[in-house]
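Accompanying notes for the structure given below.
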There are 2 protein chains.
Amino acid sequence: MTVDLHDFVATVEDYPEPGVSFRDISPLMGDGAAYKQAVDAIADFAKDLNVDLIAGPESRGFIVGSPLAYAMNIGFVPARKGGKLPREAVSASYTLEYGGINELEIHKDAIRPGQRVLIVDDLLATGGTINATREIIEKLGGVVAGVAFIIELESLQGREKIMKAGEVPFLALMEY
Amino acid sequence: MTVDLHDFVATVEDYPEPGVSFRDISPLMGDGAAYKQAVDAIADFAKDLNVDLIAGPESRGFIVGSPLAYAMNIGFVPARKGGKLPREAVSASYTLEYGGINELEIHKDAIRPGQRVLIVDDLLATGGTINATREIIEKLGGVVAGVAFIIELESLQGREKIMKAGEVPFLALMEY
């Protein structure tokens, strides 16, 4: 039995800015069946991509990526906000959707050259965090095996921005 | 075949302060077998605790708690740093290990009265984040079914601090 994942998305109007409809997947994560279904659907997409590692940007990417890594019996690599990792790290910066610049970092020893990494996040907006994560993975000699999201906000054209950095397999479980 | 989880802990001396040995579990998360073994050991501890939901504090608690929720086929509830949740939330504050005060928040609709919640995190230090998470769960009418960690720093007596707020089943996979 499958559920309709749309039923587990809370839409918050005028957040974080007037005119914006924020898509909140906390209800999906909070429901065992919906959460498992979403993770398993991404695992199914990933099964032929020869994935060695899952990477996800801090912090909602952790909630999507770490159960996926568990389900696929592979490791999880967090892309953390700048300044939080205790050991030598590689970083990349990106422009925030609502203004400002942020930095993401991955431990230098987390990815070996040639390893194939699937990048996941809860929601694809403008693609800034994903391209920064990709930049770090590629700096470390890794290969982006694909990208997967629970939600894609189509009008923001994040998918196009990702593909501009190089075509990769793409999955979004829901589009808004 | 099991691995020795201690082999997947990186110790960083004098971080974040001189004299402190920081225990970093990124190598454990980055290794499929070690990660699965750790999550499964917590799931085994939890199996008789009648757990309805897993809760974990932002953000390393997400990397322990969300695969555990997946493995147990139940939902995951993030306790987020203050000001990040889009909908009505309940909060509690705690003193940081290295100075300052932080706030954690959980969505009001994430836990129903009577639900049994297991709190997990990567590392138990002074117990501040765990007791704040517990405070929120109890404000929402939930019951703390237990607490589980990958690492416990015994000398900081976090376990005693947790038990002072009420005895609960306790698990730490490694002690330092």
Side-chain angles (χ1 to χ4, degrees), chain A residues 8 10-16 20 22-24 26-36 38-40 43 52-78 80-81 83-89 106-107 109-112 115, chain B residues 8 10-16 20 22-24 26-36 38-40 43 52-78 80-81 83-89 106-107 109-112 115:
Chain A
F8 297 87
T11 298
V12 187
E13 300 298 346
D14 300 314
Y15 182 91
V20 175
F22 186 87
R23 309 294 175 175
D24 171 21
S26 341
L28 189 155
M29 293 160 170
D31 182 275
Y35 192 26
K36 190 168 194 320
V39 171
D40 287 348
D52 296 308
L53 290 168
I54 304 295
E58 186 162 3
S59 65
R60 285 185 306 231
F62 298 0
I63 307 180
V64 180
S66 55
L68 178 65
Y70 176 89
M72 296 179 69
N73 210 357
I74 59 181
F76 177 72
V77 174
R80 298 213 62 179
K81 302 252 168 74
K84 292 192 169 184
L85 289 174
R87 294 178 295 116
E88 201 184 346
I106 290 179
H107 270 142
D109 66 1
I111 297 169
R112 290 191 308 275
Q115 283 194 304
Chain B
F8 297 87
T11 298
V12 187
E13 299 298 347
D14 299 314
Y15 182 93
V20 176
F22 187 86
R23 309 295 176 174
D24 171 20
S26 340
L28 189 156
M29 293 161 171
D31 182 274
Y35 192 25
K36 190 170 192 322
V39 171
D40 288 347
D52 296 307
L53 289 168
I54 305 295
E58 184 162 5
S59 63
R60 285 185 308 231
F62 297 0
I63 307 180
V64 180
S66 54
L68 178 65
Y70 176 89
M72 297 179 68
N73 212 356
I74 59 181
F76 177 71
V77 175
R80 298 213 61 179
K81 303 250 166 77
K84 292 191 168 185
L85 289 175
R87 294 179 294 116
E88 201 183 350
I106 290 179
H107 270 143
D109 66 1
I111 297 167
R112 290 191 306 275
Q115 283 193 304

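Just so it is clear: chains get the letters A, B, ... in the order the sequence lines come, proteins before strands, and each one is counted from 1.
Proximity to chain A (any heavy atom under 4.5 Å) is shown, for Lys84(B), by both the backbone and the side chain. For a residue to count as touching a neighbouring chain, one of its non-hydrogen atoms must lie under 4.5 Å from one of that chain's; by this rule Pro78(A) touches chain B with the side chain only.
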Run the side chain to side chain contact (heavy atoms under 4.5 Å, CB included) test on Arg87(A) and Ser26(B) for me, step by step, so that the C-alpha distance in whole Å, both residues' side-chain angles and the decisive distance to 0.1 Å come before the verdict. CA-CA 10 Å; Arg87(A) 294 178 295 116; Ser26(B) 340; 4.0 Å; yes

Does Arg80(A) form a side chain to side chain contact (heavy atoms under 4.5 Å, CB included) with Arg60(B)? I'd like the steps, not just the answer. CA-CA 10 Å; Arg80(A) 298 213 62 179; Arg60(B) 285 185 308 231; 3.8 Å; yes

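In this structure, the side chain to side chain contact (heavy atoms under 4.5 Å, CB included) partners of Pro86(B), at least two apart in sequence or on a different chain, are Val12(A), Tyr15(A), Phe22(A), Asp24(A), His107(B).
Considering only heavy-atom pairs separated by less than 4.5 Å from chain A, the leading option among Leu85(B), Ile54(B), Asp52(B), Ile63(B) is Ile63(B).
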Can I get a per-line list of side-chain donor-acceptor pairs under 3.5 Å for residues 64-77 of chain B, giving both atom names and the distance, sequence neighbours left out?
residue: Ser66(B); atom: OG; partner: Ser66(A); partner atom: OG; Å: 2.8
residue: Ser66(B); atom: OG; partner: Phe62(B); partner atom: O; Å: 2.6
residue: Tyr70(B); atom: OH; partner: Asp40(A); partner atom: OD1; Å: 2.3

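More than 12 heavy atoms of other shown residues, nucleotides or ligands fall within 6.0 angstrom of atom CD in Glu13(B).
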